[in-house]
*Asks:* 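To start, I am sharing the structure in question, which I have written as structure tokens.
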There are 2 protein chains.
Amino acid sequence: MARPREFDEEQVLQRALEVFRAKGFEGATLDELEQATGLHRGSLYGAFGDKRRLFLKALARYLDTALGERLAVLETPQAGRTEILALFQGLARDAACDRERKGCLVTNCAIELADRDPDLACQAARSLDRFERAFAAAVRQAQARGEIAATHDPVRLARFLTVCMEGMLVLARARPDPAWLDDAVAAVAEVLR
Amino acid sequence: MARPREFDEEQVLQRALEVFRAKGFEGATLDELEQATGLHRGSLYGAFGDKRRLFLKALARYLDTALGERLAVLETPQAGRTEILALFQGLARDAACDRERKGCLVTNCAIELADRDPDLACQAARSLDRFERAFAAAVRQAQARGEIAATHDPVRLARFLTVCMEGMLVLARARPDPAWLDDAVAAVAEVLR
DNA sequence: TCGGTTCTTGAACGAACGGTCAGAAATATC
DNA sequence: GATATTTCTGACCGTTCGTTCAAGAACCGA
């Protein structure tokens with residue numbers, strides 16, 4: 001029929017994602033995206049549309065993969081205190097390995113785009129609601145098992161855990177200090193009693 | 001001697017600050033800064049230097065005023081549990097009033113500039129350390145008075161409180177829901193026992 | 001081998017950006 | 001009131017950005 005593509009769309013999207021994660025949406029230039037993906041602008045536009053749509057697809061991929069994995073663990077019916085703590089430990093571990101301090105695509109761009117592109121920002125921020133629900137379900141499960149005191153209000157605690165998570169993601173990017181994040185994880189563990 | 005200035009430097013700086021807070025450093029254009037301050041670019045450059053130095057002065061002002069007030073309360077020798085909680089309540093209150101969801105200049109720009117201008121980002125992020133120290137001192141004071149359990153490690157708790165604060169500032173900008181932040185404040189109050 | 005289709009490539013475009021500069025305007029001093 | 005000095009103003013500059021487009025390259029089916 002015709003000439004086949006010379007690149008793997010998923011791999012290109014992942015590379016673009018990393019650029020957006022490090023530089024932000026507006027901060028990521030097409031030159032950088034070209035260099036990171038190894039693709040010419042024309043190919044990027046042909047395959048993904050304009051920069052905004054490329055970002056949207058990268059964001060969708062991030063929600064499906066990186067965040068999706070975290071949420072999936074949390075959303076299993078058996079998830080309880082262990083899984084909540086594992087999520088925070090994972091945050092601290094990832095931040096310690098993230099030498100480029102890219103942080104979290106959702107957190108970074110929700111802040112960057114809050115005033116500039118409300119649609120994008122809202123789409124990014126909506127994942128906070130998913131975490132709230134997943135945390136709340138895990139808290140209820142943990143309370144039913146006696147892992148967490150029943151005196152906690154599940155929704156309130158879930159919202160608080162979401163706040164803690166976002167705070168850790170800020171520090172992961174702005175002030176990367178493994179010990180700091182480890183202290184935060186330990187404190188979360190104390191809260192979950 | 002010569003023609004006097006027709007503007008109040010502090011007032012202009014405050015207006016510029018609000019623009020940076022809402023739009024970010026790179027997102028704030030000189031057109032917007034002109035419109036917000038009522039000054040021509042030439043006057044801005046004459047008075048403050050280039051955009052980066054204008055931002056630096058706005059940041060310094062923010063550290064002195066908005067953040068300075070919060071830190072001052074926390075840094076008084078008598079500060080204890082009440083002052084810590086008042087800070088978080090103030091965060092929630094300010095976020096509820098902040099209909100443009102500007103959030104916090106330091107948080108926004110520390111994230112935006114982490115990869116783009118490490119010097120600026122570092123300068124912004126350094127305030128986190130001040131909060132860590134101030135929180136730790138207040139925690140120790142509160143423990144000495146029996147307001148908080150002595151079993152808490154002051155530094156660990158201080159770091160955790162800083163994380164919680166940053167998380168609330170993310171939500172203030174990305175997902176402004178007064179009830180959410182109130183729940184977070186209530187949860188912090190439970191932690192401080 | 002050839003035609004048709006898709007992908008790739010390089011160059012170029014208009015727009016918006018930060019920054020600059022010379023002249024007009026305005027004041028305090030003499 | 002003349003002058004010197006500073007501030008203000010409008011136009012302009014070079015750069016960089018996202019985006020487009022036409023021509024070249026590569027492939028599949030006939």
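First the proteins, then the strands, lettered A, B, ... as listed; each starts at 1.
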*Asks:* What's the NE2-P distance between A:His40 and D:dG24, to the nearest Å?
*Replies:* 16 Å
*Asks:* Using five base pairs at each end, measure the axis-to-axis angle across the helix from C:dT1-D:dA30 to C:dC30-D:dG1 and round it to 10 degrees.
*Replies:*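 It works out to 0° between the end axes.
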*Asks:* When hydrophobic residues are tied together by side-chain contacts of less than 4.5 Å, even through go-betweens, does A:Val170 share a cluster with B:Leu113?
*Replies:* no
*Asks:* Between P on D:dC8 and CZ on B:Phe48, what's the gap in Å once rounded to a whole number?
*Replies:*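 Value for this atom pair: 11 Å.
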*Asks:* Would you indicate, yes or no, if D:dC8 has its OP1 or OP2 atom less than 4.0 angstrom from a side-chain nitrogen or oxygen of B:Ser43?
*Replies:* yes
*Asks:* Using the 3.5 Å cut-off, write out each protein N or O paired with an N or O of nucleotides 15-19 of chain C and the distance between them.
*Replies:*
| unit_1 | atom_1 | unit_2 | atom_2 | d |
| --- | --- | --- | --- | --- |
| C:dG18 | OP1 | B:Ala28 | O | 3.1 |
| C:dG18 | OP1 | B:Lys51 | NZ | 2.8 |
| C:dG18 | OP2 | B:Leu30 | N | 2.8 |
| C:dG18 | N7 | B:Arg41 | NH2 | 3.2 |
| C:dG19 | OP2 | B:Tyr45 | OH | 2.4 |
| C:dG19 | OP2 | B:Lys51 | N | 3.0 |
| C:dG19 | O5' | B:Tyr45 | OH | 3.0 |
| C:dG19 | O6 | B:Arg41 | NE | 3.0 |

*Asks:* What residue pairs, at least two apart or across chains, pass salt bridge (charged side-chain N to carboxylate O under 4.0 Å, His left out) with a residue in residues 180-193 of chain A?
*Replies:*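 Pairs touching residues 180-193 of chain A that pass the test: A:Asp183-B:Arg156, A:Asp183-B:Arg159, A:Glu190-B:Arg156.
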*Asks:* What is the distance, rounded to the nearest whole Å, between atom CD of B:Glu34 and atom P of D:dG10?
*Replies:*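 Going from CD in B:Glu34 over to P in D:dG10 covers 10 Å.
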*Asks:* In chain order, what residues pass the salt bridge (charged side-chain N to carboxylate O under 4.0 Å, His left out) check against B:Asp31, with sequence neighbours excluded?
*Replies:*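 Partners of B:Asp31 under the salt bridge (charged side-chain N to carboxylate O under 4.0 Å, His left out) test: B:Arg41.
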*Asks:* Specify the separation, in whole Å, of atom CG of B:Leu44 and atom P of D:dT6.
*Replies:* 20 Å
*Asks:* Among residues 110-121 of chain A, which contact DNA chain D at a heavy-atom distance under 4.0 Å?
*Replies:*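 None - not one residue of the stretch has a heavy atom sitting under 4.0 Å from the strand.
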*Asks:* Using salt bridge (charged side-chain N to carboxylate O under 4.0 Å, His left out) as the criterion, list what pairs up with B:Glu9, not counting sequence neighbours.
*Replies:*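 Testing B:Glu9 for salt bridge (charged side-chain N to carboxylate O under 4.0 Å, His left out), a comparison that skips the adjacent residues, returns B:Arg5.
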*Asks:* Enumerate the residue pairs fulfilling salt bridge (charged side-chain N to carboxylate O under 4.0 Å, His left out) with a member in residues 75-85 of chain A, sequence neighbours excluded, ordered by first and then second residue.
*Replies:* A:Glu75-A:Arg130
*Asks:* Restricting to pairs with a member in residues 133-151 of chain A, which pass salt bridge (charged side-chain N to carboxylate O under 4.0 Å, His left out), not counting sequence neighbours?
*Replies:* A:Arg145-A:Glu147
*Asks:* Restricting to ring pair (Phe, Tyr, Trp, His ring centres under 6.0 Å), what partner residues turn up for B:Phe55, sequence neighbours left out?
*Replies:* B:Phe20, B:Phe25
*Asks:* Which residues pass the salt bridge (charged side-chain N to carboxylate O under 4.0 Å, His left out) test with B:Glu100, sequence neighbours left out?
*Replies:* B:Lys102
*Asks:* Could you tell me which residues satisfy side-chain contact (heavy atoms from CB on, under 4.5 Å) with B:Asp115, sequence neighbours excluded, listed by chain and number?
*Replies:*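 Result, side-chain contact (heavy atoms from CB on, under 4.5 Å) vs B:Asp115: A:Ala22, A:Lys23, A:Arg173.
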*Asks:* Classify B:Gly42 by what it touches in the nucleic acid, base, sugar-phosphate, or nothing, heavy-atom distance under 4.0 Å.
*Replies:*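 Base: the residue B:Gly42, judged by heavy atoms under 4.0 Å, touches a nucleobase.
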*Asks:* Which pairs count as salt bridge (charged side-chain N to carboxylate O under 4.0 Å, His left out) when at least one residue sits in residues 48-68 of chain A, sequence neighbours excluded?
*Replies:* A:Glu10-A:Arg61, A:Asp50-A:Arg53, A:Arg52-A:Asp117
*Asks:* Can you check salt bridge (charged side-chain N to carboxylate O under 4.0 Å, His left out) on A:Arg15 and A:Glu18, steps first, answer last?
*Replies:* CA-CA 5 Å; A:Arg15 299 266 175 83; A:Glu18 301 302 333; over 6 Å; no
*Asks:* Whole angstrom is fine here: how far is it from CG in A:Leu54 over to P in D:dC17?
*Replies:*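 Spelled out: CG on A:Leu54 to P on D:dC17 is 16 Å.
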